[in-house]
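Shown next, in structure tokens, is the structure this report addresses.
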There are 2 protein chains.
Amino acid sequence: MCAVQEEALCGSLERRGLSDLNRIGRLRRVERGETIAWAGEESRNCANILSGLFKLSASTADGREQTVGLLYPADFVGRPYAPRTDYNVTALSEAEICVFPRPAFEETLESDSALEREFLRRTLTALDEARSRQLMLARQTAEQRIARFLLDMAKKMGGARPTPGGPRTFDLPLSRGAIADVLGLTIETVSRQMTKLKAARIIALPGGRAVTIIREAELRGLTAE
Amino acid sequence: MCAVQEEALCGSLERRGLSDLNRIGRLRRVERGETIAWAGEESRNCANILSGLFKLSASTADGREQTVGLLYPADFVGRPYAPRTDYNVTALSEAEICVFPRPAFEETLESDSALEREFLRRTLTALDEARSRQLMLARQTAEQRIARFLLDMAKKMGGARPTPGGPRTFDLPLSRGAIADVLGLTIETVSRQMTKLKAARIIALPGGRAVTIIREAELRGLTAE
DNA sequence: CGCCTTCTTGACTCCTGTCAAGTCCCGTGG
DNA sequence: CCACGGGACTTGACAGGAGTCAAGAAGGCG
């Protein structure tokens with residue numbers, strides 16, 4: 001039943017506990033662009049992502065948006081132990097999720113210490129990531145952010161390499177606008193930086209949302225990390 | 001023994017568990033400016049803050065620094081379940097901490113589910129805060145950051161109000177440089193913004209690191225949240 | 001009182017945001 | 001098959017906020 005069982009939260013469970021969580025979970029298909037949780041709303045459900053990509057975002061009073069995290073298959077969605085959620089969760093692609101009512105999930109956490117420990121580990125990892133994104137947003141230039149983003153995406157997306165160690169091509173699962181939201185930039189700046197990298201022949205943009213990383217070492221050099 | 005017992009992590013424990021944690025903890029005094037954990041270093045210890053203020057920081061390759069979190073009394077320091085820590089932890093004032101070896105702390109977490117649950121809650125809160133700081137660093141102007149920072153600090157520091165509802169005065173526990181690191185700005189920009197707020201008679205700067213919030217409503221209006 | 005750090009202020013630069021046209025891409029429908 | 005339309009993307013011109021560099025002033029500690 002659970003397509004991402006080895007990696008997902010429920011994958012850490014032994015047979016018994018797993019069936020507990022599966023029993024309360026309900027499969028749901030989500031359309032691209034659909035928002036499954038709104039900031040300020042009561043936190044009623046939690047979920048595991050089975051497939052697809054989501055963004056976790058907040059917006060300023062004047063309407064500009066910032067993505068504070070990307071969620072991939074096997075990642076967890078929701079905020080246990082809080083009455084409300086502070087962030088929107090929106091699908092960036094078609095997706096499937098496994099939804100639990102929050103109180104039931106909390107009870108399962110409390111009765112299954114292996115699950116709870118795994119959840120704690122994941123939360124600690126998410127915290128490290130959120131802090132690393134703070135450093136990026138506060139101190140990196142647009143060029144450094146784009147370089148880091150492309151490398152991260154290449155890693156996440158896999159992508160074909162015609163020759164071993166050679167250029168790698170993959171499709172960005174995000175629009176320019178969504179990338180801008182993630183990196184704390186504007187669409188125009190993202191576009192200009194991509195054009196600049198293309199002009200420098202560090203990447204190629206074969207069309208659509210495809211990206212080819214031609215000279216990975218140079219790109220890595222631009223991240224200055 | 002535990003001066004912040006009601007609030008600190010160990011305060012959530014029942015007598016039995018508490019004594020477990022106290023048995024492995026060791027009191028330590030820390031000087032202002034002292035760094036008790038270095039990024040990239042092996043994660044050997046965890047600690048509870050008993051008194052004082054710490055910053056959690058990272059730096060870019062070119063040496064600029066960013067504070068990714070402030071740690072107050074009763075807050076937890078360290079990274080269980082990871083071999084290395086990614087951040088520096090530095091005392092911004094004289095401080096006292098209660099130190100546990102990381103493996104012993106992990107064992108205690110695993111054997112005491114109430115402690116583990118409390119630790120999970122704290123980690124979730126820290127995650128929310130880290131995400132909220134992402135929004136600030138990505139999308140707020142210098143003026144908005146300063147306004148929010150002053151209001152946050154006023155709340156944390158308490159501070160005397162000569163007349164109820166009237167102006168409130170408190171001492172900033174951070175230097176201008178430390179504030180700049182927290183807000184993702186430079187010392188000069190912090191200084192200029194403070195001067196601007198002073199000129200607008202929204203705050204006063206009586207000397208030293210003291211701040212008086214004269215018109216709190218206006219200051220709150222500037223945060224645009 | 002004097003030194004040294006911290007803070008303030010000024011002049012200038014530059015990166016990124018804003019506003020405004022285009023251009024590309026792709027699916028739809030004639 | 002190709003023209004059309006609309007969203008996504010690119011490009012240009014310009015402005016402005018924050019960074020950088022450089023003095024100076026203020027404050028604290030010996």
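Letters A, B, ... mirror the listed sequences (proteins, then strands); counts begin at 1.
Taking the six-membered ring where tryptophan is involved, the planes of B:Phe119 and B:Phe105 are perpendicular, since the angle between them exceeds 60° and thus also 30°.
A distance-only check finds no donor-acceptor pair linking the side chain of A:Tyr87 to the backbone of A:Lys55 [under 3.5 Å].
In this entry the distance linking NZ of A:Lys196 with C1' of C:dT16 reads 11 Å, nearest Å. At whole-Å resolution of the value, CZ in B:Arg176 and P in C:dT6 are 13 Å apart. Atom CD1 in B:Ile203 sits about 14 Å away from atom C1' in C:dC7, given to the nearest Å. Atom-to-atom, CD of B:Gln140 to P of C:dG17 comes out at 15 Å; the value is rounded to the nearest Å. Atom CD1 of A:Ile146 is separated from atom P of D:dT10 by 10 Å (rounded to the nearest Å). One atom, CG of B:Leu205, and another, C1' of C:dT8, lie 11 Å apart when rounded to the nearest Å. Between the C1' atom of C:dC15 and the CD atom of A:Glu143 lies a distance of 12 Å, rounded to the nearest Å. Look at CD on A:Gln144: it is 14 Å from C1' on C:dT16, rounded to the nearest Å.
Along DNA chain D, the nucleotide closest to A:Arg139 and the one closest to A:Ile187 are compared, and the more 5′ of them pairs with A:Ile187.
At the phosphate of D:dG19, OP1 or OP2 sits under 4.0 Å from a side-chain N or O atom of B:Thr186. Close to D:dA8, at under 4.0 Å from its OP1 or OP2, lies no side-chain N or O of A:Ser175. Neither OP1 nor OP2 of D:dG17 sits under 4.0 Å from any side-chain N or O of B:Thr141. At D:dG17, none of the side-chain N or O atoms of B:Thr189 fall inside 4.0 Å of OP1 or OP2 (strictly under the cut-off).
Counting only N and O atoms by type, the side chains of A:Thr35 and A:Thr90 include a donor and acceptor under 3.5 Å apart. Side-chain contact annotation: A:Thr85 with A:Arg102, donor-acceptor N/O pair under 3.5 Å absent. Side-chain contact annotation: B:Arg145 with B:Thr189, donor-acceptor N/O pair under 3.5 Å absent.
Using a cut-off of 4.0 Å between Lys/Arg side-chain N and Asp/Glu carboxylate O, B:Glu118 and B:Arg122 are scored as salt-bridged.
Considering only side-chain atoms of A:Gln193, the nucleotide from D:dA18, D:dT20, C:dT16 that sits closest is C:dT16. Listed nucleotides: C:dT16, D:dA18, C:dT8. Nearest to the side chain of B:Ser191: C:dT8.
B:Leu185 comes within contact range of the sugar-phosphate backbone alone, with a heavy-atom separation under 4.0 Å but no base atom that close.
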**OP:** Applying salt bridge (charged side-chain N to carboxylate O under 4.0 Å, His left out), run through B:Asp152 and B:Arg148 and close with a yes or a no.
**Re:** CA-CA 6 Å; B:Asp152 285 353; B:Arg148 171 174 157 173; 3.6 Å; yes
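The base of D:dT20 lies close enough to the side chain of B:Arg192 for a donor and an acceptor atom to sit less than 3.5 Å apart.
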Dump every N/O contact between nucleotides 22-30 of chain D and the protein below 3.5 Å, one line per pair.
none

